Visitor: 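This is the structure I want to talk about, given as structure tokens.
All of these numbers come straight from a predicted model, not from anything done at the bench.
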Amino acid sequence: MTVTGIEAISKSRSKVFLDGEFAFVLYKGELRKYQMKEGIELQEDILEELQTQVLPKRAKLRAMNLLKNRQYTEKQLMDKLMAGGCGQEIAREAVDYVKSYRYVDDDRYACEYIACHMERHSLREIEQKLLMRGISREQFRHALEALEAQGSTFDEEAMIRSILKKKYCTENIVSDKEKQRIYAYFYRKGFSIELVRRVMEDSFA
């Protein structure tokens, strides 16, 4: 394969292109070590060393460092590694590595996320946030069941009453226009309009 381009992305790192396609990111010292220059034919043994040793090891270390600061789902960690220049296969290998030690655990992540947000957000909103993070609907459902088994309850009616009390004076009669704004607010937050209407009728009676 021919090195067709070397593009600096920082003072210390560069993208390397092989046969016109992005291949990997190398540090300045690695470029010197492997004598990486535009126009050269990359030897197979060097390419194999990079793909099976250098890049996977770096990706695993990067994954471990990322997990020191916060939790990630598998999807989030994959996206983060690939955004940093990892190829998909190497990123997958790194994620599988940390997953084998349970440093990444989507089921645990879902349970902890729901428990942390269940008093302030609707069930639908939490589900959508988790879906965007790569948690499946089945994992979401299992996490809910696990929390319920532990005694946690999801009381959206109480949540709506609490929000109404904080944001609006429920002792006053509100106009139809104001009610529509309140409905729209709760709809955007993922609450059932029927449930909101029932609570509002009781609160503003």
Side-chain angles (χ1 to χ4, degrees), residues 59 62-84 86 88 91-92 94-205:
R62 172 65 172 156
M64 294 288 286
N65 285 330
L66 287 169
L67 291 165
K68 286 180 181 179
N69 299 318
R70 51 162 284 192
Q71 287 194 69
Y72 286 84
T73 63
E74 288 186 41
K75 179 184 183 302
Q76 287 177 314
L77 192 55
M78 279 283 294
D79 291 346
K80 190 75 172 177
L81 291 172
M82 291 176 67
C86 281
Q88 185 172 358
R92 182 72 260 173
V95 171
D96 287 343
Y97 173 79
V98 294
K99 184 181 176 182
S100 70
Y101 291 97
R102 294 202 66 200
Y103 296 141
V104 170
D105 186 327
D106 282 1
D107 293 329
R108 182 181 65 219
Y109 184 101
C111 281
E112 293 180 0
Y113 187 92
I114 295 170
C116 183
H117 294 84
M118 65 189 305
E119 294 184 1
R120 302 187 304 277
H121 301 275
S122 71
L123 194 61
R124 187 180 302 173
E125 184 178 18
I126 292 173
E127 181 182 20
Q128 289 303 312
K129 294 285 188 182
L130 286 174
L131 288 173
M132 291 172 61
R133 288 165 167 77
I135 302 298
S136 69
R137 284 191 166 87
E138 183 178 5
Q139 288 172 315
F140 175 73
R141 185 174 67 253
H142 288 166
L144 276 180
E145 292 171 353
L147 288 170
E148 289 172 358
Q150 296 170 15
S152 298
T153 56
F154 213 106
D155 191 343
E156 289 194 332
E157 182 173 335
M159 201 182 308
I160 293 169
R161 291 185 187 281
S162 176
I163 294 172
L164 283 172
K165 186 176 181 180
K166 290 178 181 178
K167 291 182 67 69
Y168 307 95
C169 181
T170 55
E171 297 179 357
N172 295 334
I173 297 175
V174 298
S175 66
D176 289 341
K177 184 176 181 179
E178 180 69 7
K179 285 182 179 179
Q180 290 303 317
R181 289 206 306 117
I182 296 172
Y183 287 141
Y185 169 81
F186 281 109
Y187 179 77
R188 291 194 301 271
K189 293 295 183 181
F191 291 98
S192 162
I193 292 300
E194 289 303 317
L195 179 59
V196 174
R197 182 176 289 111
R198 186 167 71 246
V199 175
M200 282 183 61
E201 287 175 353
D202 181 54
S203 299
F204 293 106

Visitor: Is the CD atom of E119 crowded by more than 12 outside heavy atoms at less than 6.0 Å?
Guide: no
Visitor: Quick one, F140 with L123, criterion side-chain contact (heavy atoms from CB on, under 4.5 Å). Give me CA distance, side-chain angles, the key distance, then yes/no.
Guide: CA-CA 10 Å; F140 175 73; L123 194 61; 3.7 Å; yes
Visitor: Looking only at atom types and distance, does a side-chain atom of E74 sit under 3.5 Å from a main-chain N or O of D105, one as donor and one as acceptor?
Guide: no
Visitor: Quick check: do F191 and V199 have side-chain heavy atoms less than 4.5 Å from each other?
Guide: no
Visitor: Enter the distance from Y187:OH to S192:OG here, rounded to the nearest 0.5 Å.
Guide: 11.0 Å
Visitor: Do Q88 and M82 make a side-chain contact, defined as non-hydrogen atoms from C-beta onward lying under 4.5 Å apart?
Guide: yes
Visitor: Shortest non-hydrogen contact from I135 to A110?
Guide: CG2-CB, 4.1 Å
Visitor: Looking at side-chain heavy atoms only, is the closest gap between R62 and K80 below 4.5 Å?
Guide: yes
Visitor: Quick one: CE on M159 to CZ on F186, what's the gap to the nearest 0.5 Å?
Guide: 10.0 Å
Visitor: Below 4.5 Å, heavy atoms only, C-beta onward: do M64 and V98 meet side chain to side chain?
Guide: yes
Visitor: Looking at residues at least two apart in the chain, or sitting in another chain, which of them share a ring-ring contact (aromatic ring centres under 6.0 Å, His included) with H117?
Guide: Y113, H121
Visitor: Without swapping roles, check the side chain of Q139 against the backbone of S136 for a donor-acceptor pair under 3.5 Å.
Guide: yes
Visitor: side-chain contact (heavy atoms from CB on, under 4.5 Å) between E127 and R137: does it pass, once the steps are laid out?
Guide: CA-CA 8 Å; E127 181 182 20; R137 284 191 166 87; 3.4 Å; yes
Visitor: Salt bridge or not between R161 and E157? Use side-chain N to carboxylate O under 4.0 Å.
Guide: yes
Visitor: Please find the pair of heavy atoms, one from G134 and one from D106, that lie closest to each other, and give the distance.
Guide: O-OD2, 4.3 Å
Visitor: Going from CD on Q128 to CD1 on I126, what distance comes out if it is rounded to the nearest 0.5 angstrom?
Guide: 11.5 Å
Visitor: Short question: side chain of R108, backbone of R102 - any donor-acceptor pair under 3.5 Å?
Guide: yes
Visitor: Measuring from atom SG of C111 to atom CD of E145, what distance do you get when rounded to the nearest 0.5 angstrom?
Guide: 10.0 Å
Visitor: For L81 versus A59, what's the shortest heavy-atom pair and its separation?
Guide: CD2-O, 3.9 Å
Visitor: For Y72 and R133, test the side chains for any donor-to-acceptor distance below 3.5 angstrom and give the result as yes or no.
Guide: no
Visitor: Minimum heavy-atom separation for A63 to L77, with atom names?
Guide: CB-CD2, 4.2 Å
Visitor: In the structure I gave you, are the side-chain heavy atoms of F154 and E148 within less than 4.5 Å of one another anywhere?
Guide: no
Visitor: Between atom CE of M200 and atom CD1 of I193, what is the distance when rounded to the nearest 0.5 Å?
Guide: 9.5 Å
Visitor: Start with the C-alpha distance between E156 and S122, add both sets of side-chain angles, then the distance that settles side-chain contact (heavy atoms from CB on, under 4.5 Å), and finish with yes or no.
Guide: CA-CA 7 Å; E156 289 194 332; S122 71; 3.5 Å; yes
Visitor: So which atom in I114 and which in A143 form the shortest heavy-atom distance, rounded to 0.1 Å?
Guide: CD1-CB, 3.7 Å
Visitor: Is there a donor-acceptor contact under 3.5 Å from the side chain of Q76 to the main chain of T73?
Guide: yes
Visitor: Just to verify, what does D79 make a side-chain hydrogen bond (donor to acceptor under 3.5 Å, both in side chains) with, not counting sequence neighbours?
Guide: K75
Visitor: With side chains defined as the heavy atoms from C-beta onward, is the minimum distance between Y185 and I163 less than 4.5 Å?
Guide: yes
